[in-house]
Student: 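Have a look at the structure that comes next, please.
Throughout, protein chains are lettered first and strands after them, A, B, ... in sequence-line order, and every chain is numbered starting at 1. The structure presented is a predicted model; accordingly, all values stated were derived computationally and were not measured.
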Amino acid sequence: SAVISQKPSRDICQRGTSLTIQCQVDSQVTMMFWYRQQPGQSLTLIATANQGSEATYESGFVIDKFPISRPNLTFSTLTVSNMSPEDSSIYLCSVAGFSGRGDEQFFGPGTRLTVL
Amino acid sequence: GENVEQHPSTLSVQEGDSAVIKCTYSDSASNYFPWYKQELGKRPQLIIDIRSNVGEKKDQRIAVTLNKTAKHFSLHITETQPEDSAVYFCAASRGGSQGNLIFGKGTKLSVKP
């Protein structure tokens with residue numbers, strides 16, 4: 001599978017500030033996604049990061065709160081804006097569509113965010 | 001949109017027994033159904049998947065079955081071992097350019113030695 005890295009691995013932030021999370025893949029992939037996983041919960045899709053166009057957001061998530069960039073086929077960023085304690089969660093990127101793996105989706109290690 | 005229900009939420013078995021986790025989905029256009037294993041503090045790991053043109057798939061001690069008519073799919077783990085203890089998630093997607101996964105709520109499996 002592809003090697004997926006995320007930066008930062010964890011951070012503690014003050015409410016009202018913003019944090020940008022980076023996701024880097026070691027090979028070109030067709031699809032990149034961003035998920036949120038709150039402690040002890042399942043994974044919730046935030047958006048599909050589209051290369052060269054605006055991300056596709058799921059219900060309940062908006063671009064002003066979670067702006068996403070995807071400048072090329074190996075890199076994407078997710079920004080969590082104007083943070084509140086409710087944004088404390090693990091944020092994971094995932095990738096699919098590489099090396100003949102089709103729909104198989106693989107996850108990055110996650111970014112653990114704590115908002116005070 | 002798609003909705004995935006997963007049962008049970010917790011499952012405790014003795015080492016060597018079998019474990020079965022069941023999921024149902026709502027979107028008849030979904031055609032890709034992966035299963036993930038997540039150990040504490042780690043990322044979800046893809047363990048097996050199945051597509052809608054296949055009824056069953058097996059990989060060593062793990063098997064997945066799909067009933068497309070009833071819109072449900074199941075994970076079967078045989079000869080369970082303590083290292084199988086983890087949270088398991090089922091998911092569904094339409095695949096391809098609509099590959100975004102919708103996850104079930106997870107099953108915490110405990111295998112007692």
Student: Is the count of non-hydrogen atoms from other residues, nucleotides or ligands lying under 6.0 Å from A/Leu116 atom CG greater than 12?
Tutor: yes

Student: Hey, any chance A/Val29 and A/Met31 share a hydrophobic cluster, counting ILVMFWY side chains that come within less than 4.5 Å of each other, even indirectly?
Tutor: yes

Student: Supply the atom-to-atom distance A/Gln105 CD to B/Asn100 CG, rounded to the nearest 0.5 angstrom.
Tutor: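 Nearest 0.5 Å value for the CD-CG distance: 8.0 Å.
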
Student: Heavy-atom count check: over 12 atoms from other residues, nucleotides or ligands less than 6.0 Å from B/Glu15 CD?
Tutor: yes

Student: Using only non-hydrogen atoms and a strict under-4.5 angstrom cutoff, which residues of residues 51-63 of chain A touch chain B?
Tutor: A/Glu58

Student: Does any heavy atom of chain B fall under 4.5 Å from the side chain of A/Phe33, the backbone, both, or neither of them?
Tutor: side chain

Student: B/Ile102, A/Tyr35: one ILVMFWY side-chain cluster at the under-4.5 Å cut-off?
Tutor: no

Student: Does anything in residues 22-39 of chain B get under 4.5 Å of chain A by heavy atoms, and if so which residues?
Tutor: B/Tyr32, B/Tyr36, B/Gln38

Student: Hey, which of A/Gly97, A/Pro109, A/Gly110 has the most heavy atom pairs under 4.5 Å with chain B?
Tutor: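 Option with the top pair count is A/Pro109.
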
Student: Assess whether atom CZ of B/Arg43 is packed by more than 12 heavy atoms of other residues, nucleotides or ligands within 6.0 Å.
Tutor: yes

Student: Decide whether A/Leu92 and A/Met32 are clustered together by the hydrophobic rule: side chain heavy atoms of Ile, Leu, Val, Met, Phe, Trp, Tyr closer than 4.5 Å, transitively.
Tutor: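 A/Leu92 clusters together with A/Met32.
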
Student: Please find the pair of heavy atoms, one from A/Leu43 and one from B/Pro44, that lie closest to each other, and give the distance.
Tutor: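 Where A/Leu43 meets B/Pro44 most closely, the heavy atoms are CD2-CG, 3.9 Å.
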
Student: Which heavy atom of A/Gln37 sits nearest a heavy atom of B/Phe89, and at what distance?
Tutor: NE2-CZ, 3.8 Å

Student: Flag yes if A/Ile21 and A/Val115 sit in one hydrophobic cluster, no otherwise; membership is Ile, Leu, Val, Met, Phe, Trp, Tyr, and two members link when side-chain heavy atoms are under 4.5 Å apart.
Tutor: yes

Student: Any residues in residues 103-113 of chain B near chain A, with a heavy-atom distance under 4.5 Å, and which are they?
Tutor: B/Phe103, B/Gly104, B/Lys105

Student: A side-chain contact here means heavy atoms from C-beta on lying under 4.5 Å apart; do B/Leu101 and A/Ser94 qualify?
Tutor: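 The answer is no; the side chains never approach within 4.5 Å.
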
Student: Please list, in residue-number order, every residue in residues 47-69 of chain B that has a heavy atom less than 4.5 Å from any heavy atom of chain A; write 'none' if there are none.
Tutor: B/Asp49, B/Arg51

Student: Establish whether B/Leu46 and A/Ile90 are linked, either directly or via other cluster members, by ILVMFWY side-chain heavy-atom contacts under 4.5 Å.
Tutor: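 Same cluster.
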
